Amino acid sequence: QVQLVESGGGLVQAGGSLRLSCAASGRIFSNIAVGWHRQAPGKQRERVAAIPTGGNLYYADSVKGRFTIARDDAKNTVFLQMNSLKPEDTAVYYCAAGAYSNGRYFWNYWGQGTQVTVAS
């Protein structure tokens, strides 16, 4: 079983920053897509950012210019740098890994999530 573990969540004031990390138990990030998603109570899960192998970075419109995704395949780790945080960024953040083909993502592995709360 492959496991993904998120860390770095917490409580911050609006305008602050957080850096999330996601570590995999095995070498699964190499040659596959990795990404971050979030879900707030009563809302649909949203894809925040993703990196397909050899492809263009994806960012949701709501986070463009504020969030940055990066991956370190040698360490099986993906990061999400979040700046200029807003109260509407409050959610549980999940990392995922899977495949990317013909413009579509297929997420096979998910972490348990880490809570991010932005106070106004």
Side-chain angles (χ1 to χ4, degrees):
Q1 289 275 201
V2 175
Q3 293 184 343
L4 304 176
V5 180
E6 302 96 335
S7 62
L11 173 65
V12 298
Q13 297 294 315
S17 298
L18 284 174
R19 189 188 190 196
L20 306 183
S21 299
C22 175
S25 62
R27 188 172 295 280
I28 63 171
F29 287 173
S30 297
N31 301 315
I32 63 171
V34 295
W36 287 94
H37 306 74
R38 67 186 182 186
Q39 187 165 25
K43 295 185 177 180
Q44 187 176 353
R45 185 181 63 195
E46 175 187 25
R47 175 160 25 97
V48 174
I51 303 180
T53 300
N56 295 325
L57 302 182
Y58 167 85
Y59 293 101
D61 288 341
S62 59
V63 307
K64 285 182 178 178
R66 300 188 297 119
F67 290 11
T68 303
I69 188 171
R71 63 190 293 173
D72 186 342
D73 289 342
K75 298 181 178 180
N76 289 343
T77 303
V78 61
F79 305 95
L80 185 68
Q81 178 67 46
M82 305 185 295
N83 298 324
S84 301
L85 284 162
K86 305 175 181 179
E88 52 262 44
D89 294 319
T90 296
V92 177
Y93 284 71
Y94 301 89
C95 65
Y100 178 82
S101 180
N102 296 322
R104 299 178 64 187
Y105 291 93
F106 303 88
W107 303 112
N108 299 317
Y109 307 103
W110 292 86
Q112 293 184 351
T114 184
Q115 177 71 47
V116 172
T117 303
V118 184
S120 61

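Model, not experiment: these values are computed from the prediction.
The side-chain heavy atoms of Val63 and Arg38, taken from C-beta on, include a pair separated by under 4.5 Å.
Nearest heavy-atom pair, Ser17 versus Asn83, reported as atom, atom and distance to 0.1 Å: OG-OD1, 2.9 Å. Residues Trp107 and Gly98 come closest through the heavy atom pair CE3-N, 3.8 Å. Of all non-hydrogen atoms in Ala33 and Tyr100, the two that sit nearest each other are CB-CB, 4.0 Å. Taking all atoms of both residues into account, the shortest heavy-atom contact from Ala97 to Ile32 is CB-CD1, 3.8 Å. The heavy-atom pair separating Ala50 from Tyr105 by the smallest distance is CB-OH, 3.5 Å.
The line from CE of Met82 to CZ of Arg19 is 11.5 Å long, rounded to the nearest 0.5 Å. Expressed to the nearest 0.5 Å, how far OH of Tyr93 lies from SG of Cys22 amounts to 14.5 Å. Summarising the geometry, atom CG belonging to Leu80 is positioned 14.0 Å from atom CZ belonging to Arg71; distances are rounded to the nearest 0.5 Å.
Counting only residues at least two apart or in different chains, ring-ring contact (aromatic ring centres under 6.0 Å, His included) contacts with residues 60-87 are absent. Residue pairs satisfying the side chain to side chain donor-acceptor pair (under 3.5 Å) criterion with at least one member in residues 111-120, sequence neighbours excluded, are listed as follows: Gln115-Thr117.
Within the cation-pi definition used here (under 6.0 Å to the ring centroid, within 45° of the axis), Arg47 qualifies as a partner of Tyr58.
Aromatic ring pairs are classed by plane angle as parallel below 30°, tilted from 30° to 60° and perpendicular above 60°; the pair Trp110 and His37 is tilted.
Not counting sequence neighbours, the partners of Val118 by the side chain to side chain contact (heavy atoms under 4.5 Å, CB included) test are Val12, Ala14, Leu85, Pro87, Asp89, Thr90, Val116.
Counted by atom type alone, Glu46 and Ser62 present one or more donor-acceptor pairs between their side chains at under 3.5 Å.
Both Leu20 and Leu57 are part of a single hydrophobic cluster, where members link through side-chain heavy atoms under 4.5 Å apart.
A side-chain donor-acceptor contact under 3.5 Å links Tyr59 to the backbone of Ile69. A donor-acceptor contact shorter than 3.5 Å links the side chain of Glu6 to the backbone of Cys95.
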